[in-house]
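Worksheet: the structure to be examined is printed underneath.
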There are 2 protein chains.
Amino acid sequence: MNVTDPEHKRADPMGEAGGGRAAWAYEMLHDAIREGTIAPGQRLMEMEVSAWLKMSRTPVREAMRRLQAEGMLEHAAGGGMSVVLYDLRAIDEFYAMRESLEGTAAALAARNADETEIRILAATLDAMRALPRDARAHARENQVFHEQIYRAARNRFLLKSLQSLLNFVPLLGPTTYNAPGRIEDALAEHVEIVDAIRARDPARAEDAIRRHIRHSHESRILVVSDTVRNAVRDRAQGLRGAPPKRLGQP
Amino acid sequence: MNVTDPEHKRADPMGEAGGGRAAWAYEMLHDAIREGTIAPGQRLMEMEVSAWLKMSRTPVREAMRRLQAEGMLEHAAGGGMSVVLYDLRAIDEFYAMRESLEGTAAALAARNADETEIRILAATLDAMRALPRDARAHARENQVFHEQIYRAARNRFLLKSLQSLLNFVPLLGPTTYNAPGRIEDALAEHVEIVDAIRARDPARAEDAIRRHIRHSHESRILVVSDTVRNAVRDRAQGLRGAPPKRLGQP
DNA sequence: ACGCATAATCGTGTATACAATAATGTGCAA
DNA sequence: TTGCACATTATTGTATACACGATTATGCGT
């Protein structure tokens, strides 16, 4: 490994702000998947998407390949790509993984975070307290909170893994903040985590965040149970599920 | 000894059963990075690579974007991509991450592996025992061994994270098997790990593999120290390091 | 000789045309 | 009706041309 390369400058992390049509297409598709406009299992064709976004296939292709590399799209059977559709078992796998990674992150953050980062973390807590009782808003703020911890851990590989892991959240179903009482519980747990980090206690931080993730897991199961039950009931009534959504009109 | 001439590997793009030129280009670039033919920090231009592989820019682009998504390439300063060049601190980060992930994998494997997987794992041990005392050969077999564990853990997200993490190994320097006595030590540690998995003891398996990774970390530091010392010595003698390698002629 | 404006150059981003391939339908025979 | 061969078509894969932006070279004025 070359340590002393004077010419090496850190490349600016690919500007997301209008960095070109390909980046924009990536954003649009990513959002559409996150919002559920494009459902898991749905097939996407390059021409269809390029017509939707009014651009040529080239940047669309690039965006789709990137999404594929990140695991949100996969080669579909009859050609083309489809949004990955996970079985229920994936939920356990996801949370097991998340518990491990977040636990590591919290422990490292307790060691490596500087004072500023800790104060930002605390400020995020205040912001969440001030938030209205809206599931979606809390989900967003929650992600900010967790990403703060990832960064405070100061481990680039861990950061990457966690960020790519979180891409799968929207593919697992609706927000867990829809579970009753989840907002209040989560906030209390967040406080515990920040306390442990502020106290520079890695073991306690890891333990707190692991409990947090396990609770989140339980909430997820509740939410998914509802979804599944509803789906079964609807099918029993002859409703074959929502008709395939068209890309133009959300 | 191992001459890494890309032209020798696969004669022509069409001859192989490769899924297309883009996939082939990806393989070639990936290999070149792994083998060190393309050094960390080196800049790559699309046209240069497309000339090297005798294809148009389109599939080359695709391959490079994929490598970028996987973290092996990054946007270079003056346009183009460059192989990521890590500072020495990355080594600690890498092994911290690896210890966490492999620990989780081993624990899960102890729970979830079926009998066949365990027997394959044991067979891999035998294969390693039969191997000649060649660092590169052991490194390869070692990777097979570890991937067996990842798979036995039965967690798709964990598997992905670990696989992408391992992509960075070649960017950290030469094989740790070059450290003295590493081959024998590693084998003994592998045996411990398999024993714990066979005994269905997750805690012991995790502990064993964590120790294994920590030892590997120490070996890595020894090897990198050598590399750095040599680099400094060479520079002191006015040798500005190896001249930039040309893609066609190794 | 120096500084600034401007042109030339290099390399990527995007569009479009064309080729190859995999799915599907169709016709014919058993 | 079933099965297979073949044509058709839908969709992706690749090449090429052009446009745009950034960086570097050039030349003129001072």
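In the text below, chain A, chain B and the rest are named by the order of the sequence lines, each starting its count at 1. Owing to the predicted nature of the structure, the values given are computational and were not obtained by experimental measurement.
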| Whole-Å distance separating the CH2 atom of B/W24 from the P atom of D/dG13 | 18 Å
| query | Rounded to whole angstrom units, what separation is found between the CE atom of A/M64 and the P atom of D/dT12? | reply | 7 Å
Using a cut-off of under 3.5 Å, enumerate the N/O to N/O pairs linking the protein to nucleotides 8-11 of chain C.
none

For nucleotides 15-19 of chain D, give me every protein contact, N/O to N/O, under 3.5 Å, one pair per line with atom names.
residue: D/dA15; atom: OP1; partner: B/R21; partner atom: NE; Å: 3.0
residue: D/dA15; atom: OP2; partner: B/S56; partner atom: N; Å: 2.9
residue: D/dA15; atom: OP2; partner: B/S56; partner atom: OG; Å: 2.8
residue: D/dA15; atom: O5'; partner: B/S56; partner atom: OG; Å: 3.4
residue: D/dA15; atom: N7; partner: B/T58; partner atom: OG1; Å: 2.8

| request: To the nearest 0.5 Å, tell me how far A/I120 CD1 sits from A/R151 CZ. | output: 9.5 Å
| query | Do A/Y86 and B/F157 make the cut of ring centroids closer than 6.0 angstrom? | reply | yes
| field | Carboxylate-amine/guanidinium contact B/E70 B/R66, below 4.0 Å | value | yes
| said: Salt bridge or not between A/E93 and B/R154? Use side-chain N to carboxylate O under 4.0 Å. | reply: no
| field | Nearest-angstrom distance from the residue atom CE of B/M81 to P of C/dT12 | value | 9 Å
| Is a salt bridge present between A/D87 and B/R156, judged by a nitrogen-to-oxygen distance below 4.0 Å? | yes
| Whole-Å distance between D/dT23 P and B/H75 NE2? | 12 Å
| said: Under 4.0 Å, counting only non-hydrogen atoms across every strand here, what does A/A77 touch: a base, just sugar-phosphate, or nothing? | reply: sugar-phosphate
| Hey, is B/R65 close enough to A/E62 for a salt bridge, meaning N to O under 4.0 Å? | yes
| said: Show, in sequence, the C-alpha distance, side-chain angles and deciding distance for A/L29 and A/W52, and conclude whether the side-chain contact (heavy atoms from CB on, under 4.5 Å) test is met. | reply: CA-CA 11 Å; A/L29 284 170; A/W52 173 43; 4.0 Å; yes
| field | B/Q68 CD - C/dG13 P separation (whole Å) | value | 9 Å
| Can you check side-chain contact (heavy atoms from CB on, under 4.5 Å) on A/H146 and A/Q143, steps first, answer last? | CA-CA 5 Å; A/H146 281 267; A/Q143 179 152 353; 5.9 Å; no
